[in-house]
Amino acid sequence: MGMESWWSKFISVCSFILLLLNATHCFLLVQTQTLGQVDECSALLQFKESFAIRKSVSADPLAYPKVSFWTLEGDENRSDCCSWDGVECDEDFGHVVGLDLRSSCLYGSINSSNTLFRLVHLQRLDLSDNHFNFSQIPSRFGHDLSSLTYLNLSYSLFSGQIPSEISKLSKLSTLDLSFNGPKANDSIPLKLTKGNLRSLVQNLTNIKKLHLSGVDIYSTVPDILVNASSLTSLQLDNCGLYGEFPVGISQLPNLEVLRVSHNSDLTGYFPTFNKSNVFKKLGVAGTNFSGQLPTSLGNLHSLIVFSISSCNFHPNVPSSIGNLTQLGYLSMAAFNDLSKGVLSVSFSWVGKLTKLYHLDLGYTNIKGEFLSFVSNLTQLEFLDLSDNEISGQIPSWLMKLTQLTTLSLGDNNLQGPIPRSLFQLKNLEYLFLTGNNLSGLVEFDQFSQLKKLKGLDLSNNMLSVEIRNDLSATLPKLQILALGFCNLTEFPNFLKNQSELTELDLSYNKIHGRIPKWVSNATRETLSELYPENNLLTGFDQYPGVLPWTNLIFLGLGSNMLQGPLPVPPQSIRFYDVQNNEYTGEISPLFCNFNNLQALQLSNNNLSGMLPQCLGNSSVLEILALHNNFFNGYIPPICPSKTSLRIVDFSYNQLQGKIPRGVMNCTRLKVLNFANNQMSDFFPSSHTHGSVK
Ligand SMILES: *[C@@H]1O[C@H](CO)[C@@H](O)[C@H](O)[C@H]1NC(C)=O
Ligand SMILES: *[C@@H]1O[C@H](CO)[C@@H](O)[C@H](O)[C@H]1NC(C)=O
Ligand SMILES: *[C@@H]1O[C@H](CO)[C@@H](O)[C@H](O)[C@H]1NC(C)=O
Ligand SMILES: *[C@@H]1O[C@H](CO)[C@@H](O)[C@H](O)[C@H]1NC(C)=O
Ligand SMILES: *[C@@H]1O[C@H](CO)[C@@H](O)[C@H](O)[C@H]1NC(C)=O
Ligand SMILES: *[C@@H]1O[C@H](CO)[C@@H](O)[C@H](O)[C@H]1NC(C)=O
Ligand SMILES: *[C@@H]1O[C@H](CO)[C@@H](O)[C@H](O)[C@H]1NC(C)=O
Ligand SMILES: *[C@@H]1O[C@H](CO)[C@@H](O)[C@H](O)[C@H]1NC(C)=O
Ligand SMILES: *[C@@H]1O[C@H](CO)[C@@H](O)[C@H](O)[C@H]1NC(C)=O
Ligand SMILES: *[C@@H]1O[C@H](CO)[C@@H](O)[C@H](O)[C@H]1NC(C)=O
Ligand SMILES: *[C@@H]1O[C@H](CO)[C@@H](O)[C@H](O)[C@H]1NC(C)=O
Ligand SMILES: *[C@@H]1O[C@H](CO)[C@@H](O)[C@H](O)[C@H]1NC(C)=O
């Protein structure tokens, strides 16, 4: 073969590869690019193509769509996908071994045909904080990606059963599948059915971090975890765990993080901790953990987070916790069952924990004067001392806690005025002082100084709040405002500018006249809770027919002097209470359309006409209180098949006919009252007069 033909052959091979790869650095490629790698790059590109990019699906403020920068065309480096953002290759073979697409705005489904599963050399895969559209986790994760040591699919809206094949990933040292199913809503969360936690753990012999918070597990915690000696972090919050937590897990030598909070049926206790313990975070809040808090807690010298609120521990608290000088987060709210034994607990050791930024001692039976040691805790951002019996005045030294964003002192016995020094707390976002004996005049313009304020609750004291009319512009935009029992005589004018309000409580004041039209102007879309009950209101400035708030959930208009036809709430309504007013007319058939309505309370008005037949149909309605009106006609069928109703009171009306037989189906019914009507039928007779409790 002559030189020329060798060269032309090289050129033709080269241009063939060029054609294939659209590359210029052909020579380099021939040398370093294996066919496997080419396939992996195209697999990545197809993976990219299978998703839409949607900025809003990633929660991280620094999220950006990494895959947008993945491209072959116009890239001088051609198909060297190893340089792509988020892609990591091994140096020897050029295989893709790492894919970090955390917070990358990916939106779409993954199924078993996805080209991701061609990346068989993957060792680290992070797809967290994206939106996989409630896809099931394909079993191919377990079949094809057997080299994985790190797998993070948290916060990514996967759903359904976790495939048992995941337990084939025996090299895994990190598995994070937490916070996928948003349990709070109707979508299906991730599940790991009975017994599978055991098989999973059994096979993951190298596991260091196991995070399954928010997964529906509904099983006991397998005791084989006691042998997972490499474990550094176990996070199983809110998994429906029950039974006894194997105490040996808390003694694992390398365990730094143990979180099993919000598993209300999980029992357990703390063992004796020794000095070699390396715990940094320990959280068992909202479980049934009980027993004595061991003095040896003082040995957990690395502890930063300690959360035992809403448990069942013995009320004696060892002061050795005061030795945990690294502690930043201490939450002990309702850590014991106060009903079981009343011990006045001393928390004076808390004063030594000068790194605390979060302190929650709500409902812990603290009695007496305001805790003076709190003045030591100058790093505090969050302070909750609510639901205790703290007396005396709000101390002016609180102004030393300049980092405070939340101050919650509600439901104590605090007296005297709101000190002016409180308005020096420039970082304050939430101030809750409800349910004390605070008194005196509050000039509301002082709150203009708290520029970051979002929530304010002054209700149920003996305060007299004075609001100047020209205040509007300077006040911060509030989300929560509660001024119940504050001696108000009119709707505060500044509400005109409050465009972020979600909750407004003006109950138990002396507000008279009509509800001004402008009250709804700024809050039309934001307001979900409105309580102007127990005032002297007579109506709406302009008869609204349909209420102007489009997302209202709670409406409390009770105990006023409201007249005219019933205002019609929006579709979102759940609690509608207009008891003790002077409303007239009929119930609009529009009330049949409220699919979320849980309470309809219309009693003690002058309403009349027939009841809409739909009323008892709802599967969510719990309270139907219509007593003491002038309703007539027949009682609509109640509980035809569903059984949510708990309270049904039709008494003191002019209803006729028979009691609907469906009442037999109302298994949750606690009160049923048809008394004082004109009914012809007395079945079941014991239920017709008075109420059934
Ligand atoms: C898998 O998803 C792709 C889109 O990403 C779709 O085209 C294909 O039909 C799906 N296959 C199955 C079996 O659902
Ligand atoms: C090609 O790779 C080199 C070296 O890694 C890099 O400096 C250059 O920015 C890359 N070019 C492109 C267009 O990505
Ligand atoms: C998400 O899933 C729904 C229902 O399965 C489907 O209609 C929709 O097209 C999917 N969206 C994307 C971006 O895949
Ligand atoms: C998994 O990803 C989430 C969200 O990106 C992150 O907060 C978490 O720390 C990661 N888990 C592990 C074990 O690295
Ligand atoms: C556990 O691993 C063994 C061997 O690696 C395998 O045979 C078995 O199927 C695995 N168990 C589960 C539940 O995947
Ligand atoms: C459930 O959560 C998903 C994701 O956040 C959301 O798209 C959906 O609207 C929610 N469903 C309900 C009923 O709230
Ligand atoms: C833990 O390992 C030891 C020794 O291998 C074994 O005897 C014991 O049964 C294991 N415990 C559990 C709960 O599996
Ligand atoms: C706490 O520290 C004090 C000294 O500051 C020491 O006497 C005490 O033994 C320590 N308690 C524990 C449980 O470590
Ligand atoms: C305040 O903190 C110091 C250490 O910074 C400590 O010595 C002192 O005892 C603490 N005071 C109270 C009342 O706890
Ligand atoms: C309530 O406000 C009125 C003025 O509107 C005032 O005269 C009265 O003293 C206040 N009541 C209390 C208890 O402060
Ligand atoms: C409601 O707001 C709009 C603009 O935000 C304003 O023009 C209008 O005057 C307001 N109406 C009332 C009654 O305050
Ligand atoms: C009671 O409920 C069953 C279905 O759960 C239904 O078939 C029956 O008709 C109901 N009875 C009455 C009287 O509504």
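Note that ligands are numbered from 1 as they come in the structure, with each ligand's atoms numbered from 1 the same way. Keep in mind the model is a prediction, meaning the values are calculated, not measured.
- Protein residues having at least one heavy atom under 4.0 Å from any atom of ligand 9 are G351, K352, T354, F373, N376, listed by chain and number.
- For ligand 4, the polar-atom distance check against Y155 finds no nitrogen or oxygen pair separated by under 3.5 Å.
- Note on E88 versus R124: salt bridge recorded, some NZ/NE/NH1/NH2 to OD/OE distance being below 4.0 Å.
- Between Y150 and ligand 4, at least one pair of N/O atoms sits closer than 3.5 Å.
- Set against the non-hydrogen atoms of S128, the atoms of ligand 4 under 4.0 Å away are 2 (O), 3 (C), 4 (C), 5 (O).
- Considering backbone and side-chain N/O atoms, T174 never comes within less than 3.5 Å of an N/O atom of ligand 4.
- Counting only N and O atoms by type, the side chains of S276 and N274 include a donor and acceptor under 3.5 Å apart.
- You'll find the ring centres of F347 and F373 outside the 6.0 Å limit.
- Checked against a 3.5 angstrom limit, the closest N/O atoms of R102 and ligand 4 fall inside it.
- Under 4.0 Å is where a charged nitrogen must lie from a carboxylate oxygen, and between K280 and E256 at least one such pair does.
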Requested in this report: Check the pair K168, N203 against side chain to side chain donor-acceptor pair (under 3.5 Å), reporting the backbone distance first and the verdict last.
Outcome: CA-CA 7 Å; K168 292 212 164 84; N203 266 18; over 6 Å; no
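- Ring-centre distance between F117 and F141: below the 6.0 Å cut-off.
- The N/O atoms of D126, backbone and side chain alike, include none that comes under 3.5 Å of an N/O atom in ligand 4.
- Atoms of ligand 4 found under 4.0 Å from any heavy atom of S154 (numbered from 1 in listed order, with element): 1 (C), 2 (O), 3 (C), 4 (C).
- Proximity to N152 (heavy-atom distance under 4.0 Å) selects the following atoms of ligand 4: 1 (C), 2 (O), 3 (C), 8 (C), 10 (C), 11 (N), 12 (C), 14 (O).
- N413 CG to Q415 CD: the interatomic distance, rounded to the nearest 0.5 Å, is 7.5 Å.
- In this structure, V226 falls outside the shell of residues with a heavy atom less than 4.0 angstrom from ligand 7.
- Under 4.0 Å is where a charged nitrogen must lie from a carboxylate oxygen, and between R102 and D129 no such pair does.
- Between D144 and R118 there is no salt bridge, since none of the side-chain N atoms of the basic residue sits less than 4.0 Å from a carboxylate O of the acidic one.
- Side chains of E244 and T267: a donor-acceptor N/O pair is present below 3.5 angstrom, by distance only.
- Below 4.0 Å from some heavy atom of D223 lie the following atoms of ligand 7, by number and element: 13 (C).
- Judged as a ring pair (Phe, Tyr, Trp, His ring centres under 6.0 Å), and not counting sequence neighbours, the contacts of H358 are Y329, F382.
- Residue-to-ligand polar distances keep H211 apart from ligand 4: every N/O pair is separated by 3.5 Å or more.
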